[in-house]
Participant: 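Quick one: structure below, then a few questions.
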Amino acid sequence: MSDKNDEKKVTPRSQDFAAWYNDVILRAELADYSPVRGCIVFRPDGFAIWEALRDELDRRIKKTGARNAYFPLFIPESFLRKEAQHVEGFAPEVAVVTHGGGKELEEPLIVRPTSETIINYMFAQWIHSHRDLPLMINQWCNVVRWEMRTRLFLRTAEFLWQEGHTAHAAREEAERETLTMLEVYRGFVEDFLAIPLVVGRKSAAERFPGAEETYTIEGLMGDARALQCGTSHFLGQNFARAFDIRFLDETNQMQHPWQTSWGVSTRLLGALIMVHGDDQGLRLPPTVAPTQVVIVPIWRKPAEAEAVLAAARSARDQLEQAAVRVRLDEREGLTPGFKFNDWEMRGVPVRIEIGPRDVASGEAVMARRDRKGPEAKQKAPLAELATRIVALLEEVRASLYRQALEWKTANTRQFDDYEAFRRQMAGEGGGGMADIYWCGNAACEARIREETRATCRAIPLNQSVPAGRCLICGESASERAIFAKAY
RNA sequence: CGGGGCGUGGCGCAGACUGGUAGCGCACACGCUUGGGGUGCGUGUGGUCGCCGGUUCAAAUCCGGCCGCCCCGACCA
């Protein structure tokens, strides 16, 4: 009896987080495994989330002045070698094309793991004068990184992303751009995806290969592990030098421009799932939900069906006119209870139930996915449904953010005792975020990593903390850092 | 690449020790039933048992080789 029921359910999140994560993705039909190891197939619901996310972020990026362009998938192998740190960082994971048209290529081509090199090659040809600056380009594309271990959305051999690349006349301008985009990401992820973040600088060890400074937004997943959700890099003049990008400034001096790059990827879908999901399955913020509202009609006798369906269809039309992504579940042979569970598993933010009793009273039941039990349900007059739903969707979004923030706050701890920190990180799964004084020394960072498997996720910006002592070596430390076990 | 495990209808598994008609649950199709929290019953579709070879009257089962996948470690948005 209960066995039979279990087969219909996803593995409870509380029982096995990793199994739950895979279950939810496959059962909610967001994605599927591909015949190629490490690659992922985006199914329509998964891709619709990506599209919603992409469209909104695209708007926000364009608002900053960047424009979209597209560069080739293939890059001459020699390009990668031009920047020392860059090649060191990416060489182990690039896919290389050696043959084309039945012949061995004179120079192998790499499949882009990121586009710094080819974009900077083009920048060198487009930038001659300070009047050509700033040059701000964004690209939506796929990239390939041959990972040893992959996980759906979080780390796949091929993934979709957005990469911005900018060149500026002055160092300060590029530094400002790096932080501007970091703030665009923060606002986007916190407001639109309802995921609370830690915003900060990366340690030298965690820095992007070729960058002078890397900034990050870090989220805390439902298993108390951290996930890097986006990065913004200040590249200095490293790539400008490597690719000989030069311009004449106002005083007729030859200069290398100062550059940035920044990106977020389909990994954000993994973050959405792991931050908001629960034992029943997905919980999607209405902003990205492919279906924001599902209407489940309920009736007993054929005579009732007609009136119920008429009311349900009218509700659907009303919501469509209010630009709500609504779906009426008219499938036959399935009980309402089954449909409730099915749509909850798929993360639909709000469900509307319309039955004979509602038709009689001119109301409908609205059930919100972010809450459980009777308090999740409320009635609304059919005549006011659209306005009530629009308001409720916004409430759900805000509520999901609040819940995620509570979790993050509850799992962020300050430590001034290394042993206590170690105990917190011990065992399987995450240990939350540890907020500690760190002297900045790589040796201390390495020791933490070895002994606790936690890594430096971010050194938060704009700290105004009194000077303290490094948790590891006891030397003086002027900043606190967030360490956590991460994906 | 090191350690562990697994390959049997779409999914999850049993059968293997002791060779003899390939089975169960879910899913799927159809019908009836049911319907305000995963209805119930019936009928039915679907499998070269990962691949190659060997032993045998007979191999999912025994033997040899190969391939693939998953989990754990070293790299990472």
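None of these values were measured; they are calculated from a predicted model. Here is the naming used below: chain letters follow the sequence lines, and residue numbers restart at 1 for every chain.
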Participant: Between Phe79(A) and Tyr121(A), is the ring centre distance below 6.0 Å?
Facilitator: yes

Participant: When you compare the ring of Phe159(A) with the six-membered ring of A77(B)'s base, are the centres less than 5.5 Å apart and the planes under 30° from each other?
Facilitator: yes

Participant: Suppose we screen for ring pair (Phe, Tyr, Trp, His ring centres under 6.0 Å). Which residues come up paired with Trp262(A), at least two apart in sequence or across chains?
Facilitator: none

Participant: Check every atom of G36(B), C75(B), G35(B) against the side chain of Trp299(A) and return the nucleotide holding the closest atom.
Facilitator: G35(B)

Participant: Kindly point out which of A77(B), G37(B), G35(B) is positioned nearest to the side chain of Arg300(A)?
Facilitator: G35(B)

Participant: Determine: side-chain N/O of Arg449(A) to OP1/OP2 of C75(B), distance under 4.0 Å, yes or no.
Facilitator: yes

Participant: Assess whether one donor atom and one acceptor atom, taken from the side chain of Arg357(A) and the base of G36(B), lie less than 3.5 Å apart.
Facilitator: yes

Participant: If you go through the side-chain atoms of Arg453(A), does one of them form a donor-acceptor pair with the base of G73(B) closer than 3.5 Å?
Facilitator: no

Participant: G36(B) P sits how many Å from Glu344(A) CD, rounded?
Facilitator: 14 Å

Participant: With both distances under 3.5 Å as the test, what is the Watson-Crick or G-U wobble partner of G10(B)?
Facilitator: C26(B)

Participant: Would you kindly give the CZ-to-P distance between Phe338(A) and G38(B), to the nearest whole Å?
Facilitator: 11 Å

Participant: So, are Asp370(A) and Arg368(A) salt-bridged, with charged N and O less than 4.0 Å apart?
Facilitator: yes

Participant: Which nucleotide, if any, forms a Watson-Crick or G-U wobble pair with A16(B), using both distances under 3.5 Å?
Facilitator: none

Participant: Got a donor-acceptor pair under 3.5 Å from the side chain of Asp358(A) to the base of G36(B)?
Facilitator: yes

Participant: Under a 3.5 Å limit for both distances, which nucleotide forms a Watson-Crick or G-U wobble pair with C75(B), could you say?
Facilitator: none

Participant: Can you find a side-chain donor-acceptor pair between Asn68(A) and Gln139(A) that sits under 3.5 Å?
Facilitator: no

Participant: Considering Watson-Crick and G-U wobble pairs with both distances under 3.5 Å, what does C62(B) pair with?
Facilitator: G54(B)

